[in-house]
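Below is one structure, written out as structure tokens; comments come after it.
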Amino acid sequence: MQNVIETIQPAINTIVTAIVGVLVTFALAGINTLKNKANNWLDARTTAAQRDVIHKVAGEAFALAQTTFKDVGGVRKMQEALQYASLRLTEQCIVVSPTELQAAIEKAYLEYKTKTKAVLATEAQPNEEAAQAAAKEAVSSLAAQVTAILSQATGAETMESMVPNTLQDTTPAPQANVTGVAVE
């Protein structure tokens, strides 16, 4: 029996080593896949976090340029905003191209304009309603004045006397025949 075990022992060792090798290979492949997924997830989260920081800094830069440089033109405001934003992002070790940074500042500007228009539209709405009510009142007053003027011009005739006779008289007019005699 000892002889058989010694003969089979190298084959069993080889098979066990191969099985362990295959299991280790699968385990390493699984760990590598998990590592890649984790890195991709972290990269996506880091990029999203950086994007948030970029947009917040761009909003700050726009606000600073808008308030500090009120009296200068838009190009100068943009230069100042770009300078501020690039310094702040460099402090936080975030690298952004000038075009991307300008786009973020432009986005902050457009959001500001949208909010400003919404506020102005909300404030203007009651004024428009008041203007429409005033216009209706003015038209009613003008119509009353025109009616009064017409009444005075026609010698205080009533509206019924101003209607043409053809509308008041509903009986048909007699028709003349060729000889000039009225036919009823």
Side-chain angles (χ1 to χ4, degrees), residues 1-140:
M1 182 85 185
Q2 183 74 6
N3 212 3
V4 174
I5 293 178
E6 287 178 5
T7 310
I8 299 177
Q9 183 72 28
I12 293 175
N13 284 343
T14 305
I15 292 172
V16 169
T17 304
I19 290 173
V20 168
V22 168
L23 290 175
V24 168
T25 303
F26 281 123
L28 289 176
I31 290 171
N32 193 30
T33 302
L34 289 175
K35 182 188 88 168
N36 288 338
K37 286 183 179 181
N39 285 339
N40 290 338
W41 184 81
L42 286 174
D43 287 342
R45 295 296 174 236
T46 303
T47 302
Q50 285 178 346
R51 284 267 164 227
D52 288 341
V53 170
I54 290 168
H55 287 291
K56 286 179 182 175
V57 169
E60 289 174 7
F62 167 73
L64 175 71
Q66 187 71 12
T67 57
T68 306
F69 303 99
K70 298 181 217 186
D71 301 330
V72 297
V75 174
R76 174 79 191 275
K77 286 182 185 179
M78 178 58 81
Q79 290 172 345
E80 295 296 331
L82 285 170
Q83 183 180 4
Y84 172 83
S86 66
L87 285 174
R88 293 281 293 147
L89 291 174
T90 302
E91 290 172 359
Q92 296 181 13
C93 299
I94 297 175
V95 178
V96 181
S97 73
T99 305
E100 287 177 312
L101 192 53
Q102 184 174 356
I105 293 170
E106 292 286 348
K107 180 182 177 192
Y109 170 73
L110 292 175
E111 288 174 353
Y112 168 78
K113 291 293 274 186
T114 303
K115 288 178 185 176
T116 303
K117 284 182 181 178
V119 167
L120 290 177
T122 304
E123 290 175 356
Q125 208 169 27
N127 292 338
E128 289 176 15
E129 291 172 359
Q132 287 178 353
K136 287 179 182 178
E137 185 177 321
V139 168
S140 297

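- For the side chain to side chain contact (heavy atoms under 4.5 Å, CB included) with Val57, the lone residue among Leu89, Leu101, Val96 that qualifies is Leu89.
- Between Ala108 and Phe62 the shortest heavy-atom distance is CB-CB, 4.1 Å.
- Of the charged side-chain nitrogens involved, at least one lies within less than 4.0 Å of a carboxylate oxygen, so that Glu80 and Arg76 count as a salt-bridged pair.
- Ile94 and Val53 make their closest contact through CD1-CG1, 3.6 Å (heavy atoms, listed as atom of the first residue, atom of the second, distance).
- Atom CG of Asn36 is surrounded by more than 12 heavy atoms from other residues, nucleotides or ligands within 6.0 Å.
- Taking CG from Asn13 and CD1 from Ile8, the interatomic distance works out to 12.0 Å, rounded to the nearest 0.5 Å.
- Contact of the Arg88 side chain with the Gln92 side chain is registered, since non-hydrogen atoms from C-beta on lie closer than 4.5 Å.
- Here the OG1 atom belonging to Thr33 is positioned 10.5 Å from the CG atom belonging to Leu28, to the nearest 0.5 angstrom.
- The nearest pair of heavy atoms linking Ala81 to Ala61 is O-CB, 3.3 Å.
- Within a 6.0 Å sphere centred on OH of Tyr109, heavy atoms belonging to other residues, nucleotides or ligands number 12 at most.
- The line from OH of Tyr112 to OG1 of Thr114 is 11.5 Å long, rounded to the nearest 0.5 Å.
- A side chain to side chain contact (heavy atoms under 4.5 Å, CB included) with Ile105 holds for exactly one of Ile54, Leu82, Leu110; it is Leu82.
- Expressed to the nearest 0.5 Å, how far CD of Glu111 lies from NZ of Lys115 amounts to 6.0 Å.
- For the pair Thr68 (side chain) and Ala65 (backbone), a donor-acceptor distance under 3.5 Å is absent.
- Partner of Val75 under the side chain to side chain contact (heavy atoms under 4.5 Å, CB included) criterion, chosen from Met78, Gln79, Lys77: Gln79.
- Taking the charged nitrogens against the carboxylate oxygens, Lys113 and Glu106 have no contact shorter than 4.0 Å, which rules out a salt bridge.
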